[in-house]
**Q** 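Structure in structure tokens, see below.
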There are 2 protein chains.
Amino acid sequence: MKRPTIHDVAAAAGISRGTVSRVLNGDRYVSPAARIAIERAIAETGYVVNRNARNLVRQRAGSVVMVLSEPPFEDPNYTTTIRNAIRRLGERDLSLVMMIAGDDREREQVLRYVRGGHADGVFLLSTHAGDPMVDTLHGAGIPVVSCGAVIGRETVIPYAACDERGGARQMAEYLVSRGRKKIAMITGPMDTPGGIQRLEGFADVLGRKASKKLIEHGDWTHASGETAMARLLERVPDLDAVFAASDVMASGALHTLRAAGRRVPEDVAVGGFDDSSVAISTHPPLTTVRQPLGDVARETVRLLLALIDGAERVDSIALPTSLIVRDSA
Amino acid sequence: MKRPTIHDVAAAAGISRGTVSRVLNGDRYVSPAARIAIERAIAETGYVVNRNARNLVRQRAGSVVMVLSEPPFEDPNYTTTIRNAIRRLGERDLSLVMMIAGDDREREQVLRYVRGGHADGVFLLSTHAGDPMVDTLHGAGIPVVSCGAVIGRETVIPYAACDERGGARQMAEYLVSRGRKKIAMITGPMDTPGGIQRLEGFADVLGRKASKKLIEHGDWTHASGETAMARLLERVPDLDAVFAASDVMASGALHTLRAAGRRVPEDVAVGGFDDSSVAISTHPPLTTVRQPLGDVARETVRLLLALIDGAERVDSIALPTSLIVRDSA
DNA sequence: ATGAAAGCGCTAACAG
DNA sequence: CTGTTAGCGCTTTCAT
């Protein structure tokens with residue numbers, strides 16, 4: 001009761017395996033009669049192609065590997081990205097293999113995997129600036145794209161991302177339009193696109209008013225949002241707005257503000273970024289910037305597929321964000 | 001400049017491919033001299049085994065597929081589970097392929113994939129009661145385990161989970177110990193283990209006091225927490241505590257309570273479940289029940305590996321939860 | 001302890 | 001249009 005092979009199908013249809021292979025691969029040059037007989041034989045035997053055999057001879061892997069770079073963040077966004085990538089890849093009959101590149105051992109594992117020809121392409125997620133794996137991967141000659149820019153490698157690794165800078169500008173402009181005068185910012189880590197570009201967008205709008213005193217750096221965590229806000233409050237007691245580069249950090253800032261007796265948004269307006277699940281669980285609910293995560297994932301896959309199909313190069317793309325106004329600002 | 005094969009390694013070492021294969025697979029019966037020569041040749045050539053070829057002859061897939069059932073996809077917990085599963089699987093050189101089974105088409109795709117022998121085992125996540133795919137999968141004779149019980153198939157699909165019922169008991173006992181008298185509950189969907197068993201644990205402790213009036217059903221979303229709380233308040237205005245089966249629903253309840261002018265925890269104590277990222281972003285931060293998610297994922301993989309290694313059957317396991325006391329109760 | 005050889009299931013080039 | 005054939009790279013007897 002072994003699984004049927006192409007041989008069994010051929011026997012059942014009374015036709016050679018070569019022809020069976022042809023109909024399997026949608027080749028032209030197959031007589032209708034043969035095609036019908038074979039299709040019936042396939043249905044009868046319950047035949048399913050053996051990918052190992054197929055990929056062995058085709059010298060392909062039949063899969064794409066998504067590499068998650070460790071550090072912490074319990075980013076609720078990952079799930080959306082993964083789902084959309086799977087969907088899109090599935091349409092092309094490519095499977096999605098997940099790997100983690102958190103420490104050197106794991107990075108080595110990814111490299112071995114990819115160099116071993118086990119993947120037809122690489123989908124990077126949240127890769128850090130200066131990650132040595134990136135160049136090695138790229139040097140291996142395998143298609144590599146990233147969901148979100150890879151800082152320092154923007155020109156070598158194509159990517160799809162949301163318009164980080166533009167999104168931050170939207171928020172900053174909104175805060176200004178609401179009459180806020182002293183607007184502070186809690187940025188993300190400065191070796192990530194979200195950390196860098198959201199600050200740039202903020203500075204675009206505030207100009208010289210975006211003084212050093214009004215900028216604090218966080219690491220995307222709730223705790224870092226709390227401490228950054230505390231420092232800001234100490235330095236600039238009369239600030240009347242703060243833009244946190246993520247909803248999670250914004251929720252931390254909210255805690256500190258409440259502890260300090262500031263009312264939100266009356267005394268201090270608070271803006272977030274991501275529109276993650278956290279945004280509606282805070283009090284007050286966060287005014288934030290929504291990223292078109294699903295679209296970003298789909299576009300990333302599109303770039304990867306183009307590369308796999310042989311495109312010499314593809315153009316990175318930034319998708320527009322939208323401002324979601326709730327009660328915090 | 002093709003990738004080196006086992007043949008190249010053999011040539012470089014001046015030894016037959018058979019022996020090279022032996023050292024590759026840690027076979028005994030290889031002379032130290034040969035082993036050393038081969039290992040050097042492997043390093044020199046940069047050889048990496050071709051999985052397609054290996055799996056073809058071994059009649060294995062070399063991967064495990066994790067099947068995500070659609071709906072509660074926003075669950076921040078997925079990421080932790082995925083991470084831990086990848087880690088554990090990686091130790092055995094198995095890769096993790098992700099698939100989604102949200103609609104019939106996708107379920108069919110999963111079935112084809114698995115029946116096609118493309119996976120050595122199946123790791124189910126958040127599968128619904130009555131999902132037809134489960135029986136088919138199990139009937140296909142491939143090892144299948146679930147992270148969290150599959151309602152109605154607890155005895156046929158082995159699983160690892162947290163002690164849902166015990167965790168709910170912890171929360172209920174805590175609320176009672178704090179002197180709360182009228183304790184309500186917002187459950188999850190009653191076709192999920194978390195929905196059913198957390199209610200059971202609640203009832204274990206409250207006994208007859210867990211009357212119908214005090215129970216509302218939610219669907220894990222923030223919005224359902226809001227409306228459930230509203231109904232509860234209308235029915236039992238003098239309730240003094242509420243236990244929501246998830247942090248997200250608890251955050252919804254918090255909103256409704258605030259809108260109704262109830263203070264938390266003074267007037268109404270609120271308990272959650274999961275200790276997800278939402279738990280610390282609410283105001284006040286949630287007292288909740290923590291699930292040992294990483295351990296659950298690891299144990300699930302352990303069961304699957306045992307099955308793959310030929311175990312006739314394995315025992316499901318429930319891991320203890322812990323009560324995390326914050327300010328909401 | 002190791003070499004030789006027979007495939008694993010499939011595709012693709014080549015005749016016809 | 002279709003049958004035949006030569007591998008893809010690796011593991012695994014079977015001899016030796």
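Every chain is numbered from 1, with letters handed out A, B, ... down the list of sequences. Computed over heavy atoms, backbone and side chain alike; hydrogens, waters and symmetry mates excluded. This is a predicted model, so every value here is computed, not measured.
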**Q** Ignoring hydrogens and angles, does a donor from either the side chain of Arg22(A) or the base of dG3(D) sit under 3.5 Å from an acceptor on the other?
**A** yes

**Q** Measure the distance from CG on Asn52(B) to P on dT11(C) and round it to the nearest whole Å.
**A** 13 Å

**Q** Choosing from dG3(C), dC10(C), dA12(C), which nucleotide comes nearest the side chain of Arg58(A)?
**A** dA12(C)

**Q** How long is the line joining CZ of Arg35(A) and C1' of dT2(D), in whole Å?
**A** 13 Å

**Q** Applying a 4.0 Å non-hydrogen cut-off, can you work out what Val49(A) is touching in the nucleic acid: base, sugar-phosphate, or nothing?
**A** sugar-phosphate

**Q** Using a cut-off of strictly less than 4.0 Å, decide whether Ser16(A) has a side-chain nitrogen or oxygen near OP1 or OP2 of dG3(D).
**A** yes

**Q** Output the single nucleotide from dT12(D), dT2(D), dT2(C) whose closest atom is nearest the side chain of Ser21(B).
**A** dT12(D)

**Q** Indicate whether OP1 or OP2 belonging to dT2(D) is found under 4.0 Å from a side-chain N or O atom of Thr19(A).
**A** no

**Q** Choose from dT11(D), dT11(C), dT2(D) the nucleotide whose nearest atom is closest to any side-chain atom of Arg54(A).
**A** dT11(C)

**Q** So, Arg22(A) and Thr19(A): side-chain donor and acceptor under 3.5 Å apart, yes or no?
**A** yes

**Q** Tell me: CG of Asn55(B) to C1' of dG7(C), nearest whole Å?
**A** 16 Å

**Q** Return the value, rounded to whole Å, for the distance between atom CG of Asn50(B) and atom P of dC8(C).
**A** 18 Å

**Q** Ignoring backbone atoms, test whether Asn25(B) places a side-chain nitrogen or oxygen under 4.0 Å from the OP1 or OP2 oxygen of dT11(D).
**A** yes

**Q** How about CZ on Arg112(A), more than 12 heavy atoms from neighbouring residues, nucleotides or ligands closer than 6.0 Å, or not?
**A** no

**Q** OP1 or OP2 of dT11(C) sitting under 4.0 Å from any side-chain N/O of Gln59(A)?
**A** no

**Q** dT11(C) P sits how many Å from Arg60(A) CZ, rounded?
**A** 11 Å

**Q** Do Pro320(B) and Asp163(B) have side chains that approach each other closer than 4.5 Å (heavy atoms only, starting at C-beta)?
**A** no

**Q** Could you walk me through whether Glu91(B) and Arg87(B) pass the salt bridge (charged side-chain N to carboxylate O under 4.0 Å, His left out) test, one step at a time?
**A** CA-CA 7 Å; Glu91(B) 293 166 8; Arg87(B) 284 252 158 80; over 6 Å; no

**Q** In Å, rounded to the nearest 0.5 Å, how long is the span from CZ of Phe123(B) to CG of Leu68(B)?
**A** 9.5 Å

**Q** Quick check on dT2(C): is either OP1 or OP2 less than 4.0 Å from any side-chain nitrogen or oxygen of Ser31(B)?
**A** yes

**Q** For DNA chain C, whose closest nucleotide is more 5', that of Leu24(A) or that of Val57(B)?
**A** Val57(B)

**Q** Write down the distance between CZ (Arg51(A)) and C1' (dC8(D)), rounded to a whole number of angstrom.
**A** 18 Å

**Q** Roughly, in whole Å, what's the span from CG in Leu56(A) to C1' in dC8(D)?
**A** 4 Å

**Q** Round to the nearest Å and state the distance from Ile42(A) atom CD1 to dC10(C) atom C1'.
**A** 13 Å

**Q** When you measure from the side chain of Arg17(A), which nucleotide among dT2(C), dG9(C), dT5(D) comes out closest?
**A** dT5(D)

